[in-house]
> 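Sharing a structure here in C-alpha cells format.
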Amino acid sequence: NTELVIATVNNGHMIEMQKLGKHFEAANPGVKLKWVTLEEGVLRQRVTTDIATKGGQFDIMTIGLYEAPIWSKKGWLKPIATDAAYDVDDLLPAIRSGLSHEGKLYAAPFYAESSMLMYRKDLADKAGVQMPEQPTWAQVKDFAAKAHDPKAGVYGMCLRGKPGWGDNMALLTTMVNTHGGQWFDMQWKPQIDSKPWKDAIGFYVDLMKQYGPPGASANSFNENLALFNEGKCAMWVDATIAASFISDPKQSKVADKVAFAQAPVATTPKGANWLWSWNLAIPASSTKDAAAQAFIKWATSRDYINLVAKEQGWAMVPTGTRKSTYANPEFQKVAKFAAAEKKAIDSANPNDSTLPKSPYVGVQYAAIPEFQAIGIAVGQQMSAALSGKVTVEQALKTAQTMAEREMKKAGYYK
Amino acid sequence: MPTNPWLTTLRTAGAWAAALLLFFPLGWLFLTAFKTELQAIAVPPLFVFEPTLENFGEVQRRSDYLLYARNSLITSVASTVIGLLIAAPAAYSMAFFRTKRTRDILMWMLSTKMMPAVGALLPIYVLAQTAGLLDSLSALTLVFTLSNLPIMVWMLYSSYKDIPNEILEAARMDGANLWAEFRHVVLPLSVGGLASTGLLCLVLAWNESFWALNLTSAKAGTLATLIASYSSPEGLFWAKLSAASLMAIAPIVVFGWFSQKQLVQGLTFGAVK
Amino acid sequence: MAYLQLKNIHKRFDDVHVIRGVDLDIRQGEFIVFVGPSGCGKSTLLRLIAGLEHITSGGLVLDGRDITHMPSGQRDLAMVFQSYALYPHMSVYDNMSFALRLAKVPKDEIRRKVEHAADQLRLTPYLRRTPRELSGGQRQRVAIGRAIVRAPKVFLFDEPLSNLDAALRGNTRVEIHKLHVALGATSIYVTHDQVEAMTLADRVVVFKDGLIEQVGTPLELYDRPANRFVAQFIGMPSMNLVAAGAIPAFSARSGGRLAADGLLGVRPEGLRVHAADGAGEPGRVDLIEALGADTLIHLAVGGVPLIARQNERTPLRVGDAVRVELDPTQLHLFDAQGQAIAHPETVS
Amino acid sequence: MAYLQLKNIHKRFDDVHVIRGVDLDIRQGEFIVFVGPSGCGKSTLLRLIAGLEHITSGGLVLDGRDITHMPSGQRDLAMVFQSYALYPHMSVYDNMSFALRLAKVPKDEIRRKVEHAADQLRLTPYLRRTPRELSGGQRQRVAIGRAIVRAPKVFLFDEPLSNLDAALRGNTRVEIHKLHVALGATSIYVTHDQVEAMTLADRVVVFKDGLIEQVGTPLELYDRPANRFVAQFIGMPSMNLVAAGAIPAFSARSGGRLAADGLLGVRPEGLRVHAADGAGEPGRVDLIEALGADTLIHLAVGGVPLIARQNERTPLRVGDAVRVELDPTQLHLFDAQGQAIAHPETVS
Amino acid sequence: MNRLLPRGLMAPAVIALLLWMLVPLLMTLWFSLVNYNLMQPGQHGFAGLANYEYFITDPDFWPAVANTLLLIGSVIAITVVLGVLLALLVNDPFPGRGIVRVLLISPFFVMPAVNALLWKHMMMNPIYGVLANVWKFFGLTPVDWLTDVPLVSVIVMVAWQWLPFACLIFITSLQSLDREQMEAARMDGASAVQRFWYLTLPHLARPMAVVIMIEMIFLLSVFAEIAITTAGGPGNESTNLTYLIFKQSLMNFDVGVASAGALFAVVLANIVAVFLIRIIGKNLD
Ligand SMILES: Nc1ncnc2c1ncn2[C@@H]1O[C@H](COP(=O)(O)OP(=O)(O)OP(=O)(O)O)[C@@H](O)[C@H]1O
Ligand SMILES: Nc1ncnc2c1ncn2[C@@H]1O[C@H](COP(=O)(O)OP(=O)(O)OP(=O)(O)O)[C@@H](O)[C@H]1O
Ligand SMILES: [Mg+2]
Ligand SMILES: [Mg+2]
C-alpha cells in the first residue's frame, strides 16, 4: 500500500485534480493520494524548506517554472520517465524547454499561462475605441483615459500592485522587457536604475495614479479579478487563466462583455507577455518513485484533460500545456480566449525575452536562486512608488542598491 | 450605591454599542459564510440575502474538515494536559518552596517565549526531521506544550499563591505526605486556576498557525492549516474563506463563550487580589 | 515526669535569633498558655513543637521519644490555627476525618470518632456543610473537632479565638475549658488575651524576646509576678508602677524595704479613692470609665498617672480633686533591675 | 435643640424592610453609640446618614439643613470604616489630605491641618509611609486622622476597632475618648463591644430588627433596661434571668410584684455565693473563672444556670455544693412580654 | 523538609524549557556564523559576522525595529485605554451584561490568520469593504487602509484581537476593588472622575503591568496579520522584525542572515524583558 503525499497550490485546476484523484486511485489499487493544499506563498516556502533539508515530507510537489531549472540543476528532482503514450512532443515547446535540463524532463506541466489584455468591449464601443490585436501601452492608456469614470464606479485600468516577485513584479518585468530593459546585464550587474526601467515604472505609476482603482498597491490577481467581475475595470492585464473566470456568468457580472487582446507592447514585443506554468515534480529523496511517476503521468496526460472535459466540460480543462488541447474543436468552441492564449504562450520565450542579451532564463523572472530575494525587495519598492510613498526615481535607486547588495553577497562579483 | 437612572441607561446603551461594534467583524464573517461569492463582494454590502449552505459543502468536499478538527482537538487538548502535568509541579514548587531565585526563574521562563518562532524554525524543523517526527501529532503537541509552558507555570504559580500556607501546614500535621497534600488540598483548591490556565492554553494551541503550517503536511494539519488553503490566488473565494474560517474558529469561540466566566475569574496572573 | 520536654531550644531565621534558649517541662494533661508581647516568638515556638519549622538547636522529647527531627505528620500532635485553616473544599465531616483517612483508619471507626466529636462540639447538624457555610464560631469548633478526632498526644492552639467577636469569644472560651476538663488532653495555647490566659491555664508561660520570663499558675503570676515585666503584662488594667520617691507617702508604706531606685507596684484594686476631704494623697480625676459592675478611675497623683478600680459606682466627675489611699497589704516591690523583692500576702 | 435629626427613617432593600422607622435627635457634641445584634441595621442606618444609601422614606436634618437627598460628599460628615478603607497607594499624608486637596484648600493650610492631626494621633513619624507599611493600630489612627483633618460636622464610626487585637483595642478606645473630649465633635459610633459602648457613649442606642429598643446613658441602660432584650444585651456577663417560680426562693424576694409568667433578673454581682452551710438556695459550682481582681462562678441552682461575680478569690472548687443568695436590692422584674416593671435603686 | 524535592518538582519544566530554548539557540548561533542559504546547500563556509552585518545594514532593518516598537506601543496603549473604559462600562450590572461580555471577548478566540483575512477582505477593502461603505455612506472618500496607513491597519487588527484580553483582566480586577474605599472617597467629596483617577486607576496599575507584559511577549512576534494583509509593505512601512526575519529565512531562504536576525530579536526581547522585570517583577510575590 503506497501513500502519495502531494503538495499543491490551491488553484481551481488543482482543486479539480484533487477531486478527480479518485479515478487514479481506482485505476491503481494500493495507491492512496494525500493532498496538502496550500496558498501559493506558503506552498513555495514549505516545499523549498522540505526539499533543501531533505525533509522527505512530500512525494510529489507542485513547483513553478522558476524553480524547475534551478532545482533540476542541483539534482533535487528525479527525471520524469516519459513513454510513448504520454507523447512529450505534444507539450508546447516553450514550456517543455523550460522544464528540461540536459534533455531530460524534470517536471511535468499541469497547466500553463501567459499574460494578456482583457477589456470591456461595451466600454470600448462606447468610447469609440477599436482595440488592435496587440495594442501599445500608449493606446491602452488612451482607452483608460476615456473609460475612466470613478463616479460610476469604473476605473480605466486594473493592474497588480501588491509587492511580490510573483505578484507585481511579474507584470512589471514584462513592462520593463517591452520597454527594452532587463534584470541583469551579461556581467550580472542589476539594471534597475537604467532608462527602460524608469520609462516602464514611470509609465505604470502614472497610469495607475490617473486611471487605477483605489488601493491598487494591495491588489494582485484576485483583487483585480473581483473588481473586474464586479464591472469596475475597463481593462486588466493579467494571467490568461483569468479569461475563463471573467467569462463565466456564474462569477462575473460582465461575462458577456469581455474581449481579449495580446499584452500591450512598447518599444519591443520581446518579453511583453509572461510565461508561467505549474508543474508536478518528484523530489530526489522520494522513496515512492514508481507510484509518483504514474500519478504525474496520469495527471498531465491528454487523457486527464479529456477526463476533465467529460466531467466538467471543455471550458474547465487545464490549458497551456498541450498542442492537442488547442487543436481540439470542442475546446475552441467554448473557449473564445483560446487563440489569444495560445498565441501568447507561443510567443513567450524564456531563453530570449529581453532586447539586450541577458545571462538568465525567464521572462518575468530570472531563474537564479537569488532572484526571489531581489524580486521581493524590488517589488516592495515598486509598491511604495505606486502608493506615492516615494518617487519612482528613489524607488528604483533603492531597488538597485538592494539588488547589488544581494548579488554581491551571493558572490557574482566583488 | 445610589445611581442616576439616566446614567444607567446611558451606560447600558454604551456597553451594548461597544460590544456590537467589537463583535461586528465576526458577525460579518458569519454572514459572509452564507453568501454566494458575488454577494460577498457586493457594493454596497448586503445585510439581507438568501442564505446558502453551498460554501460549507464546498469546504467539506475540498478538504476533510473532520480530520483537521480532530487534529486540532488532539493537539490542543494533549498539549494542554501534558503542559499542566509538567507545569503544576513546577508552579507548586515555586509557590510553596520559595527561594531567592524563584522570581528569576519565572522571568526566565517567560523570556523563552520572546524568541521569534521564525528564527527557531529551521533548527526545530531539522530536529523534528532527524527524530522522524515531521507531520506527526506528537511533534506538534510537543511544540505547543513547550511554547505554552511558561504561561502555564506563571498562571498556576499565581493561583497557588492564593492558597494560604496554613492550610498546607494543617495538612502536613494531619500526616499528609507530599502527594496527599497535592492531591487532596492543593489540587482541589486551585481548580479554578487550573481550569482557566487550561482554557487559555487550549485557545492558544487551537489558534497556533506558524508551527502547525510548517511542521505538518498531509496527516497532522490542524484547522489553522486548513485556512491556509482557502485564500486562493485564483478565483473568488471570500465566501468560501468565510465558511472555512467560521468552521475553524467556531468550536473554540463557542467553547470560549461557555467558559468565559471561568476565564474572568481565573485570568488574574497573580496581579489581582 | 515531664510528658513534653523542651530542651534549650533555639531558632534563628537567617540572622535573627528568635527563640533564644527555652527549657520547659510539661506534664501530661496540663493546659499551658503562652503569653507575651507581639513578636516575642510564641507562634514560632509553637511551630517548632509542631514540626512546621526546623529547630536550630536543642531537643524535643514527647512521651519518651525524641521528636526533634521527626516530620510533623508523625509527631502525633494536632494544631488549631488562628485562621482555622479548614480545607475549604471539604465538608465538615471530611475536614474532621481527613487525618484519619490518611492514616487508613477503618471507615466505621472514622465515622464513630467523627460523630462523637461532632456531638461533643454540637456540630452534628453541620457535618454536610462546607466551611464557608458556617459562622465564625462554628468554623472554630470544626477546627477544634479536627484536632479532637485524632486524639493526639498534645493539642497546639495558636490564638484560636482571636478572629471571633467579643461575645462569641467568651462562650467559646468556656467551651474549650470544659472540653479540656472532659478530655484531659495536654494542650499548649497561645493567646494575647488576658482573660483566656487567666481562665484556661493550668500554668502560664510568659515570654519576652524569645526567652521565658516566668512560669506559674495564673494566680501565681497575678499575685507574685517575678519581675516588673510580668507584673505589668498580667492583669487588665495593668498594675500601677510608681518609682520610689515619686509619691513619697506611698513609698513610705513599703516598710523601708524599697530601694531608692526601686519601684513600687499596686494593682488598680489596691487603690482607694476618696472625696477631697478624705484620707490619702491628693490627686485629680482624669477619666472615668463606668463599666456597670465596676468603675475604672484614671487619676493623676503628684503628676503620676494611676488607675484605680472599684466595685461601686462613683459620684466623682472628671477634674474632681480627690484623695488616693494605698492598701498596704497589696504592695509589690521591685529592685532597680525590675526583679520582684516582695509581694502582698493574698488568699488563694 | 437637635443638631442632627433622624425623622421616621425607613429603608427597604428590594423587599426587605431593614430600617423600620427610626426617630432620633442628637445634640451637638454628643457621642452616640449604636449597639444591637448582628444584622439589626446599625451599619445601614449609619450609611443612610452618610448618604451612601438612598433613604426610602423619612428625613435627615443636620444643623438646620435638610440633607436627606444631598450627595454624601456635600454633607460634611466623615466616616471611619471598619476596614479603614485607606487608599492603599497613597502615603499617610496623602490619605489624610485627600479630602482637603479635592476641596482645593491652600497647600499651607493642608500641611498645617494634617501635621496638627498627625501630632494629636502620634502619626508624625509615619506620614511618608503607605498603609501597608503600618501596623493595625496605626492604620486605625490614620483612618481617624483622615476624618479629623476635615473637621466635619459629624463623625461616623462603623466598628472602627473590631479589626484590632484586644490590647490595642483598649488603648485606642481610651484615645478615641480623649480625642472626643478634646475636639468636642458630634459622633455616631457603631460597635459590638460592650466596653466600648459603656465607656465611650454619652448616650447608647440599642437596636433590634431595625427599630430602637431603648436610648439612654450607659448606666441608665445598665441599671434600668426597658426590657428583657436590653437587659441581656447590656452587661458582660449577661444578666441572669430566672422564670418566675423556677427558683421559688428567689421569686419570693420580689415582694409579690412578679407575675406568674414574669421574669426575674439579677446581674452577676447581685448574687452571693456561700459555703454549703451558709444562707441561701442550694446549688453546685460548674466552673470557676478567676480573673485576678474578680472571679466568675458558674453555678447551677435547681437546674437553672446562673453566673455570679465576686471581687474576691474563692476557695471553692468545681463540683462543690454551695448556697446562693440573692441581693434583694438588685432585682429587675419583667412582665410576660419582657417589659421591665421594676428596677433596683442604684447610686449613680 | 528535603531540599531536593522542590528542585525535583521543578526539574521537568526547567529542563524542558532549557532544551527548548538552548538547542535552537545554539543551532541558530551556529547558523548565524556560517554562509547558509537553503538554495545553496553544502556551501557552509564560515562567515564570521558577515550575516549580522548584512542583517543590520539591511535598509529595512531600522524601519523594522521602529515599526516593531510602534506596533507594540500603540497596541498596548489602545488595549489598555479602551480595555479600562470597557471594563468600567460593564462592571456594574445592567440588562444583558452576560451577553455583552460574551460579545466583547469573542475576538480573542479568533485565529490570527482569520483575523487578518477578515479585516483585509471584508473590512478594509477600499471598494467593497464594510469600512469603505461606511465612509461612503457619510459622503467621505473611503480610506485605502492597507496602502495609505498600513501600519495603522495592522495595529487596528492586532488591537481588535487583544482588546478582549485586556478587558477580561481589567474586569476581573475591578471586581476586587474595595467598595468601602470608593465610599470613603465619596464622603471625601470626590466626583466620579476624581474617584476614577485617584482610586480606580491606581488599583488597576498591577493588572496593567500584567497586560503589558503578556501582550509585549505576543506582540513581539506578530506575523500572520502582516504576512497576509500587507506583506510588510508598501515599501517597508509595515515590516516588523519578525516579518523581516521571515523574509530572510523563508522567502529568501537565507538561513544565516535570518539566524543573525533571530538572535538580534532575542537580544531585543531580553532588553525588553529586563525592563519588564523592573516594572512587574515585584508584583509577582
Ligand atoms: N519565617 C520567618 N523569617 C524571618 N523572621 C521570622 C519568620 N517568622 C517569624 N519571624 C520573626 O520572629 C519573631 C517572632 O515571631 P512570632 O510569629 O513567633 O511572634 P509571636 O510571638 O507569635 O507574635 P504575635 O503575637 O504577633 O503573633 C518576629 O520578630 C518575626 O518577625
Ligand atoms: N445592599 C443590601 N441589599 C440587601 N440587603 C441588605 C443590604 N445591606 C444590608 N442588607 C440587610 O440589611 C440588614 C441589616 O444589615 P446591617 O449591615 O445594617 O446590619 P448591622 O447591624 O450592621 O450588622 P453587623 O453587626 O453584622 O454589622 C441585614 O439583614 C442585611 O442582610
Ligand atoms: Mg503569633
Ligand atoms: Mg455592620
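The chains referred to below are lettered A, B, ... by the order of the sequence lines, with proteins before strands, and numbering in each begins at 1.
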> Given that the side chain runs from C-beta out, which part of D:Leu291 has a heavy atom under 4.5 Å from chain C: side chain, backbone, both or neither?
both

> Considering only heavy atoms from C-beta outward, does the side chain of D:Arg309 approach that of C:Asp294 to under 4.5 Å?
yes

> So do the side chains of D:Arg313 and C:Asp223 get within less than 4.5 Å of each other, counting heavy atoms only?
yes

> Please list, chain by chain and in numerical order, all residues satisfying ring-ring contact (aromatic ring centres under 6.0 Å, His included) with C:Tyr222, sequence neighbours excluded.
none

> How about CZ on D:Arg173, more than 12 heavy atoms from neighbouring residues, nucleotides or ligands closer than 6.0 Å, or not?
yes

> Can you check whether C:Glu289 reaches D:His177 side chain to side chain, under 4.5 Å on heavy atoms?
no

> What distance separates D:Leu287 CG from C:Lys178 NZ, expressed to the nearest 0.5 Å?
6.5 Å

> Just wondering, are more than 12 heavy atoms of other shown residues or ligands nearer than 6.0 Å to CZ in D:Arg139?
yes

> For C:Gly292 and D:Met198, work out which heavy atoms get closest and say how close.
N-CE, 4.0 Å

